Each structure stands twice: as structure tokens, then as C-alpha cells.
Amino acid sequence: MTLTLAAAEKILADNFAPWVLDLGLTVESVGADGEGAVLRLPWSDRLAREGGGLSGQALMAAADTATVIAVAAARGGFVPMTTVQQSISFQRAVAGADVLVHARLTKAGKRMAFADIAMTAEGTEDTAAHATAVYALLG
């Protein structure tokens, strides 16, 4: 069962804390069988740190959220899950541009999922941040 964009947006709206929703994330695309998901983190001065770059906290939350959507896409819908581990490397600042968050599952088992997340400023292929995540699937 392929997850539609509308279903992915509903998962986003129904399963995240209000402050995560305040990031303004939208689902750009979803794929099946671990192909992953792409979310857009829109630029906002509210998310900028001192110096004008997008804050690391916003990027971490976006990577975590994109992983949930990628797992849901692989499962054909939302299942209860929790983050076990997340690591991120910030490679270049993003200022004044939306960020595309590409989450791809590298392994999706019955109880665990592993993801690789690449974040790029819109209009460039240069990696702004790279994250990995491990999720426990609870249902």
C-alpha cells in the first residue's frame, strides 16, 4: 500500500507536538519500500540563530520528523514508534532558503528502522546537514 501525500500530511498533522508543527514542515514526496520521504522546512526568521543561519535545533527536529514519515511510507501508514538514536553533522549554514529534508530508510525490520537523512538548501545539491536515526517500531 503506497502512502499518499494527503495521508502523509495527515500523519504530520495528527502525530506531532504543536511546537514541531510550528516549524511549518510540509511533505513534498513519499516513496514505498524504504524509498523514503522528502519534507520541506520553510525558511523563517523565527528559526534563525544568532548570525542568521537556520538553527541546529530546527534541523534536528526536521530530520526526526522526516524519518517518521519515511517509516510510515515504508509501512503503508503510521505505526507507533520512538527515536532510539539520532546523530547529525552540520556542514554549512543555511540562510534565507527553504531546506529539503531527504529521509531514506537503509533498513526497515519488524522492530527497528534505520535512516539516513540529507538536508540541502533549496536550489543547491550541497549538503547543509547529514543525520542518521534509529527508530524502535512499537506496533
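All values derive from a computational prediction rather than experimental measurement.
The stretch residues 79-91 participates, sequence neighbours left out, in no salt bridge (charged side-chain N to carboxylate O under 4.0 Å, His left out) pair at all.
Here Gln57 pairs with Ser55 under the side chain to side chain contact (heavy atoms under 4.5 Å, CB included) rule; sequence neighbours left out. With sequence neighbours excluded, the residues that form a side chain to side chain contact (heavy atoms under 4.5 Å, CB included) with Ser44 are Arg46, Leu47. Residues passing the side chain to side chain contact (heavy atoms under 4.5 Å, CB included) test with Ala37, sequence neighbours excluded: Val30, Leu39, Ile69, Ala70. Residues passing the side chain to side chain donor-acceptor pair (under 3.5 Å) test with Gln86: none are found, sequence neighbours excluded. For Glu9, there are no salt bridge (Lys or Arg N to Asp or Glu O under 4.0 Å) partners two or more places apart in sequence or in a different chain. Under the rule for a side chain to side chain contact (heavy atoms under 4.5 Å, CB included), the partners of Asp126 that lie at least two apart in sequence or sit in another chain are Arg92, Thr124.
Separating the CE atom in Met119 from the CD1 atom in Ile117 is a distance of 6.5 Å, to the nearest 0.5 Å. Going from atom OG of Ser29 over to atom CZ of Arg40 covers 10.5 Å, rounded to the nearest 0.5 Å.
Atom CD of Glu125 has 12 or fewer neighbouring heavy atoms from other residues, nucleotides or ligands inside a 6.0 Å radius.
Across every non-hydrogen atom of Ala66 and Val101, the tightest pair is CB-CG1, 3.6 Å. The minimum heavy-atom distance between Leu41 and Ala58, with the atom names listed, is CD2-O, 4.1 Å.
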Please set out all donor-acceptor pairs under 3.5 angstrom arising from side-chain atoms of residues 14-22, sequence neighbours excluded.
from  : atom 1 : to    : atom 2 : distance (Å)
Asp14 : OD2    : Lys10 : NZ     : 2.6
Asn15 : ND2    : Ile11 : O      : 3.0

Please list every donor-acceptor pair under 3.5 Å in which a side-chain atom of residues 107-115 meets a protein atom from a residue at least two apart or in another chain.
none

Show me the donor-acceptor pairs, under 3.5 Å and distance only, between side chains in residues 129-139 and residues at least two apart or in other chains.
from   : atom 1 : to     : atom 2 : distance (Å)
His130 : NE2    : Asp116 : OD1    : 2.6
His130 : NE2    : Asp116 : OD2    : 3.4
Tyr135 : OH     : Asp64  : O      : 3.0
Tyr135 : OH     : Asp64  : OD1    : 2.6
Tyr135 : OH     : Asp64  : OD2    : 3.3
Tyr135 : OH     : Thr83  : OG1    : 3.1

